[in-house]
Amino acid sequence: PQALLENLPIYVRELGRGLAMTGGVDSFGAGGYRRTPVEDALPVSLDPRDTIDQPDLALVMVIDRSGSMDEPGAGGAGRTKLDLAKEAVYQASLGLSERDKIGLVVFDDTAQWALDVQPLPPAVEIERVLGSFGPGGGTDIRPGIERAAEALAQTDAKIKHVILLTDGIAESNYSDLIAQMRAADITISTFAVGADANPNLRAVSEAARLPIVAPTGIYREPWVPRWAHDASEEELTAWMLGELGDEIAGTGVRAAWIK
């Protein structure tokens with residue numbers, strides 16, 4: 001719980017109590033504790049030291065918050081497509097370093113900045129921003145991409161990238177904008193949200209020469225749908241392999257990984 005994480009440094013530093021943290025390759029920074037209060041309570045940094053010089057990155061994530069994103073996400077059972085998009089943004093932010101920049105644009109039929117492009121803030125600030133908006137009205141993808149591209153054109157980062165998170169249920173009116181971004185060395189990738197994601201997102205993928213990224217699988221409890229509880233191991237395996245090898249629910253898009 002977030003309250004527990006926030007109180008750990010007080011427990012250690014102000015009350016003089018002990019804290020022991022153990023883990024393997026999938027814990028510590030990789031486990032999502034980077035830039036959290038837990039890291040502040042530890043005597044080590046959870047940012048891995050680079051063994052080679054890596055270029056800095058400016059990343060703007062563009063989230064669709066239109067009415068269709070308030071529908072249940074893949075797997076159903078309580079999580080909306082907007083919930084899944086927000087979690088993807090948060091997890092992506094954990095992979096950035098202090099030398100990187102991040103921004104967040106949200107859109108329905110208009111687009112607004114939820115987080116201006118800036119040096120990577122603490123994880124709690126990312127959580128606050130993601131909690132500051134909910135579903136809206138209609139859908140127009142172009143203004144969201146346009147704002148992201150304009151901001152990235154003003155940065156001096158060596159790598160400039162946009163991630164579009166949407167179900168794509170909107171007019172495909174942005175192909176010329178994608179071409180302009182390519183000419184300006186700004187790349188874009190799409191994260192298709194929901195099993196009913198619009199196959200027109202393929203146009204973004206092809207214009208940007210980067211893949212659509214969508215998962216198969218089931219989220220953790222309490223968001224596991226009833227049919228999954230009743231399915232056998234063989235049935236679940238066949239379902240996921242089918243989406244990895246063929247397509248997701250008639251979308252023409254194959255899943256890239258198992259969540």
Salt bridge (Lys or Arg N to Asp or Glu O under 4.0 Å) against Asp176, all qualifying residues, sequence neighbours excluded: Arg142
Mind checking the CE-CD1 spacing from Met61 to Ile163? Nearest 0.5 Å is all I need. 6.0 Å
Carboxylate-amine/guanidinium proximity below 4.0 Å for Arg128 and Glu125: yes
For Asp156 and Asp56 the tightest heavy-atom approach is O-OD2, 4.3 Å
Run Tyr174 and Asp140 through side-chain contact (heavy atoms from CB on, under 4.5 Å) and show every step you take. CA-CA 10 Å; Tyr174 39 80; Asp140 189 355; over 6 Å; no
Side-chain donor/acceptor of Asp108 to backbone N/O of Gly137, under 3.5 Å: yes
Enter the distance from Leu164:CG to Ile145:CD1 here, rounded to the nearest 0.5 Å. 5.0 Å
For Asp70, the side-chain contact (heavy atoms from CB on, under 4.5 Å) test, sequence neighbours excluded, returns Thr80, Pro135
Does some side-chain heavy atom of Val105 sit less than 4.5 Å from a side-chain heavy atom of Val60? yes
Nearest-0.5 Å distance that lies between atom NZ in Lys101 and atom OG1 in Thr155: 6.0 Å
Less than 4.5 Å apart, side chain to side chain, heavy atoms only: is that true for Leu130 and Glu127? no
Evaluate the side-chain proximity of Asp167 to Met69: yes if any heavy-atom separation is below 4.5 Å, no if none is. yes
For a side chain to side chain donor-acceptor pair (under 3.5 Å) with Thr187, tell me which candidate from His161, Arg182, Lys160 qualifies. His161
Check whether any side-chain heavy atom of Asp83 sits under 4.5 Å from a side-chain heavy atom of Glu87, and report yes or no. no
Do Trp239 and Glu243 have side-chain N/O donor and acceptor atoms under 3.5 Å apart? yes
Gln118 side chain to Asp116 backbone, donor-acceptor under 3.5 Å: yes
Can you confirm whether Glu98 sits close enough to Leu120 that some side-chain heavy atom of one is under 4.5 Å from a side-chain heavy atom of the other? no
Can you tell me how far the CG atom of Leu152 sits from the CZ atom of Arg147, to the nearest 0.5 Å? 14.0 Å
Does the side chain of Val117 reach to within under 4.5 Å of the side chain of Gln154, using non-hydrogen atoms? no
About how many Å separate CD1 of Ile141 and CD of Glu146, when rounded to the nearest 0.5 Å? 13.0 Å
What pair of heavy atoms forms the shortest contact from Ala149 to Ile186, and how long is it? O-CD1, 3.7 Å
For Ile63 and Leu82: C-alpha separation, side-chain torsions, deciding distance, then whether side-chain contact (heavy atoms from CB on, under 4.5 Å) applies. CA-CA 8 Å; Ile63 292 188; Leu82 183 57; 3.7 Å; yes
Please report the interatomic distance CE(Met181) to CD(Glu150), rounded to the nearest 0.5 Å. 10.5 Å
With side-chain contact (heavy atoms from CB on, under 4.5 Å) as the test, would you mind laying out the steps for Ile126 and Leu94 before giving the verdict? CA-CA 10 Å; Ile126 300 291; Leu94 295 179; over 6 Å; no
So, are Asp185 and Lys158 salt-bridged, with charged N and O less than 4.0 Å apart? no
Checking side-chain contact (heavy atoms from CB on, under 4.5 Å) for the pair Asp64/Phe107: CA distance, chi angles, key distance, verdict? CA-CA 5 Å; Asp64 181 353; Phe107 71 90; 3.4 Å; yes
Co-membership, hydrophobic cluster, residues Val124 and Ile10, 4.5 Å side-chain: no
